[in-house]
Amino acid sequence: MAKKSLIHREKKRQKLEQKYHLIRRSSKKEISKVPSLSEKWKIHGKLQSSPRNSAPTRLHRRCFSTGRPRANYRDFGLSGHILREMVHACLLPGATRSSW
């Protein structure tokens, strides 16, 4: 189980990303439309003034049940070992077991 502080920090980043999503997208469109370099720098400065955690690249996918940040399957939202345990317990319909 991940620490509660890390999970809370990730939720805070998700809220910030949602808050600044439209601002970041509109300023990136402006940069592509403006021909002069000095205006691009001004728009880029406005983009840089937004909080660092509002960037979507700083988000991590976490396991739904444990909060583990690595080895996540997007389809299920679970980490690898939790997914395997649930498949072996027949909790995921349509998933087949494999053992070696």
Side-chain angles (χ1 to χ4, degrees):
M1 184 86 189
K3 291 171 67 174
K4 298 287 183 185
S5 61
L6 295 178
I7 294 172
H8 180 56
R9 187 184 308 163
E10 196 65 35
K11 288 181 182 177
K12 186 177 175 183
R13 283 184 184 146
Q14 287 175 351
K15 287 180 185 176
L16 266 176
E17 196 272 330
Q18 289 175 354
K19 181 179 177 182
Y20 286 93
H21 177 72
L22 294 175
I23 297 170
R24 293 179 70 85
R25 188 173 64 181
S26 64
S27 60
K28 285 186 178 185
K29 283 184 181 179
E30 285 180 39
I31 287 177
S32 65
K33 291 180 181 177
V34 174
S36 69
L37 191 60
S38 61
E39 290 180 21
K40 284 186 180 185
W41 283 345
K42 288 179 185 176
I43 298 169
H44 187 69
K46 186 171 70 171
L47 185 65
Q48 290 293 322
S49 67
S50 63
R52 186 177 286 177
N53 283 334
S54 68
T57 56
R58 294 180 69 92
L59 294 177
H60 289 279
R61 285 187 176 83
R62 289 192 172 265
C63 178
F64 182 71
S65 63
T66 60
R68 189 170 192 265
R70 297 183 180 174
N72 285 318
Y73 287 85
R74 290 183 185 184
D75 297 335
F76 300 102
L78 298 169
S79 62
H81 77 282
I82 297 295
L83 178 72
R84 189 166 192 268
E85 288 175 3
M86 290 180 81
V87 168
H88 283 294
C90 298
L91 296 174
L92 293 175
T96 57
R97 290 175 23 171
S98 68
S99 58
W100 54 91

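Count residues from 1 along the sequence.
- With rounding to the nearest 0.5 Å, the separation of NE2 in H60 from CG in L6 is 10.0 Å.
- Side-chain contact check for N72 versus L78: every heavy-atom pair is 4.5 Å or farther apart.
- Of all heavy-atom pairs between V87 and T96, the closest is CG1-O, 3.6 Å.
- The NZ atom of K11 lies 15.0 Å from the CG atom of L16; values are rounded to the nearest 0.5 Å.
- Side-chain contact between Q48 and H44: present, with at least one pair of heavy atoms (C-beta onward) separated by less than 4.5 Å.
- To the nearest 0.5 Å, atom CD of residue E30 and atom CZ of residue R25 are 12.5 Å apart.
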Might you work through the side-chain contact (heavy atoms from CB on, under 4.5 Å) test for N53 and K12, ending with a clear yes or no? CA-CA 9 Å; N53 283 334; K12 186 177 175 183; over 6 Å; no

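- Taking CZ of R9 as the start and CZ of R58 as the end, the distance is 10.0 Å to the nearest 0.5 Å.
- The shortest side-chain heavy-atom distance between H81 and R68 falls under the 4.5 Å cut-off.
- S79 and R70 are not linked by any side-chain donor-acceptor pair at a separation below 3.5 angstrom, with hydrogens and angles left out of the test.
- Placement of L91 and L83 within a single hydrophobic cluster is found when ILVMFWY residues are connected by side-chain heavy-atom separations under 4.5 Å, directly or transitively.
- With hydrogens and angles ignored, the 3.5 Å screen pairs a side-chain donor or acceptor of S50 with a backbone N or O of L47.
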Could you walk me through whether E10 and R13 pass the side-chain contact (heavy atoms from CB on, under 4.5 Å) test, one step at a time? CA-CA 5 Å; E10 196 65 35; R13 283 184 184 146; 3.6 Å; yes

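- Contact of the P51 side chain with the K19 side chain is not registered, since no non-hydrogen atoms from C-beta on lie closer than 4.5 Å.
- By the rule that hydrophobic residues join a cluster once side-chain heavy atoms approach within less than 4.5 Å of another member, Y73 and I82 end up as members of one cluster.
- L92 and F64 fall within the same hydrophobic cluster, defined by Ile, Leu, Val, Met, Phe, Trp and Tyr side-chain heavy atoms under 4.5 Å apart, directly or through other members.
- The neighbour count for R61 CZ, taken as heavy atoms of other residues, nucleotides or ligands under 6.0 Å away, does not exceed 12.
- Counting heavy atoms from C-beta outward, E39 and S36 have side chains that approach closer than 4.5 Å.
- Within the 4.5 Å cutoff, the side chain of E17 has no heavy atoms near those of the S54 side chain.
- For S27 (side chain) and I23 (main-chain N/O), a donor-acceptor pair under 3.5 Å exists by modelled atom type.
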